[in-house]
Amino acid sequence: GNDDANWKGRSVRVVIAAGSTGSLVDIQPKLEWSTLAGGKTSHIVTTSVPLLQIHSILTSATEGDSDSAVGDDPAATALAESESCFLTITSESGDVHMLEANSVEERDEMVNGLRNVITRLAFHLLTGDATASVELYKDDGDGLQEGDLPSLPNPRLNMNRIAHAMLD
């Protein structure tokens, strides 16, 4: 363990939370992680980043960076690329979140999975295919007032509302 007072290493549970297509609010699907109870602190903290607001996902200090933090040493570069279980997620607002996987394989699986889900969502939004509305959105009708009749879910209408909300 790290005895540094600034160290806040915690186990987390990571999920992709479905977006909402309620009548008043459009919420993007998001990557969400919650700390598990235990360790030096016992309170649970939940953090989330909307999928389409993820700017980049990087797996090492050398990826996409010609001025590597490990210098020109090929051995150090190979070690950084091969043994780092860390990944960083940068949002459009500039927030950087660092996560550590149990293994390089688990890290790569998470990164590739996230990239695939985000690419698929963006593809469906651009083509107007309502498949993403069914897969990554739930119609929860949160905006209904008592006594209102719920509107029938229309995947195409949901897709148009989601696309317009993200363009604004």
Side-chain angles (χ1 to χ4, degrees), residues 1-2 4 6-21 26-71 73-140 155 158-159 162-163 165-166:
N2 191 337
D4 184 354
N6 294 323
W7 178 250
K8 295 182 182 168
R10 304 275 308 272
S11 295
V12 296
R13 179 177 166 265
V14 180
V15 297
I16 293 180
S20 170
T21 59
D26 292 319
I27 301 171
Q28 292 184 42
K30 58 190 168 208
L31 178 66
E32 184 175 272
W33 59 93
S34 299
T35 58
L36 302 177
K40 291 185 178 182
T41 59
S42 61
H43 67 282
I44 296 173
V45 177
T46 300
T47 306
S48 64
V49 177
L51 290 180
L52 294 177
Q53 290 183 7
I54 293 176
H55 180 267
S56 64
I57 303 170
L58 300 176
T59 58
S60 71
T62 60
E63 185 174 314
D65 184 7
S66 60
D67 296 328
S68 168
V70 293
D73 182 5
T77 301
L79 182 64
E81 289 178 345
S82 66
E83 295 184 8
S84 173
C85 295
F86 290 97
L87 64 114
T88 60
I89 298 171
T90 306
S91 68
E92 283 183 355
S93 63
D95 295 333
V96 178
H97 306 279
M98 180 178 280
L99 302 172
E100 180 183 17
N102 289 326
S103 67
V104 173
E105 292 78 20
E106 185 178 285
R107 178 207 66 194
D108 291 343
E109 186 176 313
M110 183 174 175
V111 169
N112 291 332
L114 279 172
R115 288 177 176 167
N116 288 336
V117 168
I118 293 167
T119 301
R120 182 174 169 82
L121 176 60
F123 172 79
H124 286 294
L125 286 171
L126 289 173
T127 61
D129 186 352
T131 307
S133 180
V134 173
E135 292 175 352
L136 291 171
Y137 286 88
K138 62 181 189 290
D139 191 10
D140 53 14
N158 283 343
M159 182 60 66
I162 293 163
M166 290 182 189

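On a predicted model such as this, the values are computed, not experimentally measured, just so you know. Along the sequence shown, residues carry numbers from 1.
- With a 4.5 Å cut-off on side-chain heavy atoms, C85 and E100 count as touching.
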| field | Derivation and outcome, side-chain contact (heavy atoms from CB on, under 4.5 Å), residues E32 and I16 | value | CA-CA 6 Å; E32 184 175 272; I16 293 180; over 6 Å; no
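- Here the closest heavy-atom approach between residue A122 and residue L52 is recorded as CB-CD2, 4.4 Å.
- Using a distance-only test at 3.5 Å, with no hydrogens or angles considered, a donor-acceptor pair links the side chain of N116 to the main chain of N112.
- Residues H97 and T47 form a side-chain contact, since some pair of their non-hydrogen atoms from C-beta on lies under 4.5 Å apart.
- Considering only heavy atoms from C-beta on, L114 comes within 4.5 Å of I89 through its side chain.
- Listed for the T90 side chain is no donor-acceptor partner under 3.5 Å among the backbone atoms of V96.
- Residues R120 and H124 form a side-chain contact, since some pair of their non-hydrogen atoms from C-beta on lies under 4.5 Å apart.
- Closest of all the heavy-atom pairs between R115 and I57 is NH2-O, 2.5 Å.
- A distance of 13.0 Å separates CG of D95 from NE2 of H55, quoted to the nearest 0.5 Å.
- Under the 3.5 Å distance criterion, the side-chain polar atoms of R107 are left unmatched by any main-chain donor or acceptor of L99.
- Rounding to the nearest 0.5 Å gives a distance of 6.0 Å between CD1 of I44 and OG1 of T35.
- Annotation for L51 and L31: closest pair CD2-N, 3.9 Å, computed over non-hydrogen atoms.
- When all heavy atoms of V49 and S91 are compared, the closest pair comes out as CG1-CB, 4.1 Å.
- At least one donor-acceptor pair closer than 3.5 Å links the side chain of E106 to the backbone N or O of N102.
- Evaluated for a side-chain contact (heavy atoms from CB on, under 4.5 Å) with L121, the options L125, T119, I118 yield exactly one hit, L125.
- Taking every heavy atom of both residues into account, P50 and K30 meet most closely at CA-CB, 3.7 Å.
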